[in-house]
Student: 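There's a structure below that I have some questions on.
Every value quoted in this text rests on a predicted model; they were computed, and no experiment measured them.
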Amino acid sequence: YQKQILWNEIKSLMPIIERFNESDNGSIRRYECELYYMQAIADMVLLNYFEARAGFKRVLIDFPDSHQQENTRYWHAMSQIFLKEFQQAYEEFLSYETTYSSGNWLPSAIFNSGVAQFGLEEYELATEIFTRVIDTFPDDIVYSDALGLRGDLYASDGALEEAETDYLEA
């Protein structure tokens with residue numbers, strides 16, 4: 001993807017993209033989808049979460065069979081996390097897991113479903129989800145984050161030895 005400095009320039013293309021004529025041509029639709037997807041990614045990078053959520057939703061609705069559906073579903077849910085729309089994010093991460101059971105974002109989607117439960121103050125379910133991530137994805141990048149958050153939950157319940165174990169493993 002583009003260098004960080006170019007994200008604002010990518011966003012400046014939106015008025016041009018929106019003037020494109022609709023097409024049924026598969027190749028054109030693929031590129032059009034990619035352009036809208038990159039606009040939403042640019043909004044995420046620029047911390048414009050409302051705009052990112054709207055952009056990802058547009059790709060989900062306007063390009064339902066696109067090559068970006070998996071990525072878009074994941075990032076749409078992430079924009080909801082950033083907007084503290086935890087219930088909606090949780091449901092979307094569950095849907096991601098069902099639809100993309102071997103998807104590229106699966107460990108992160110499951111982990112973030114735990115983050116959503118944490119945000120909803122459903123700490124027992126969050127602990128269960130983090131434990132599942134720890135047990136299932138020990139080699140994934142989310143492993144240490146799951147340990148840290150589960151450790152926080154253990155510590156808040158007074159289970160200090162378990163918390164310390166998780167913190168040291170993280």
Student: For the residue pair Y36 and E18, what are the closest heavy atoms and their distance?
Tutor: OH-CA, 3.8 Å
Student: Between F118 and Y123, how do the two ring planes meet: parallel, tilted or perpendicular, split at 30° and 60°?
Tutor: perpendicular
Student: Does Y90 reach the side chain of L125, with side-chain heavy atoms less than 4.5 Å apart?
Tutor: yes
Student: Kindly give the heavy-atom pair with the smallest separation between I81 and F86, and that separation in Å.
Tutor: O-CE2, 3.9 Å
Student: What residue among L160, L149, T127, T165 forms side-chain contact (heavy atoms from CB on, under 4.5 Å) with Y154?
Tutor: T127
Student: Do L35 and F20 touch side chain to side chain, with heavy atoms closer than 4.5 Å?
Tutor: yes
Student: Set out, in order, the CA-CA distance, both residues' side-chain angles and the distance that settles side-chain hydrogen bond (donor to acceptor under 3.5 Å, both in side chains) for E70 and Y96, then state yes or no.
Tutor: CA-CA 8 Å; E70 178 185 349; Y96 177 96; 2.5 Å; yes
Student: Does the pair Q39 and E51 meet the rule for a side chain to side chain contact (heavy atoms under 4.5 Å, CB included), with working shown?
Tutor: CA-CA 9 Å; Q39 289 293 310; E51 293 86 352; over 6 Å; no
Student: Just do the side chain to side chain contact (heavy atoms under 4.5 Å, CB included) check on Q87 and E91 with the steps written out, would you?
Tutor: CA-CA 6 Å; Q87 186 61 44; E91 291 168 9; 2.9 Å; yes
Student: Got D43 and F56 here, is their nearest side-chain heavy-atom distance under 4.5 Å?
Tutor: no
Student: Counting C-beta onward and ignoring hydrogens, is there a side-chain heavy-atom pair between L147 and F130 closer than 4.5 Å?
Tutor: no
Student: Apply the test side chain to side chain contact (heavy atoms under 4.5 Å, CB included) to residues V59 and W75: give CA-CA distance (whole Å), side-chain angles for both, the deciding distance (0.1 Å), then the verdict.
Tutor: CA-CA 11 Å; V59 173; W75 286 109; over 6 Å; no
Student: Please give me the minimum heavy-atom distance between Y74 and S108, naming the atom from each residue.
Tutor: OH-OG, 2.5 Å
Student: Does the side chain of Q88 come under 3.5 Å of the side chain of E92 through a donor N or O and an acceptor N or O?
Tutor: no
Student: Can you find a heavy atom in the side chain of L106 that is under 4.5 Å from one in the side chain of Y100?
Tutor: no
Student: So, T131 and D135: side-chain donor and acceptor under 3.5 Å apart, yes or no?
Tutor: no
Student: Would you say E169 and Y143 are linked by a side-chain donor-acceptor pair, where the criterion is simply a distance under 3.5 Å?
Tutor: yes
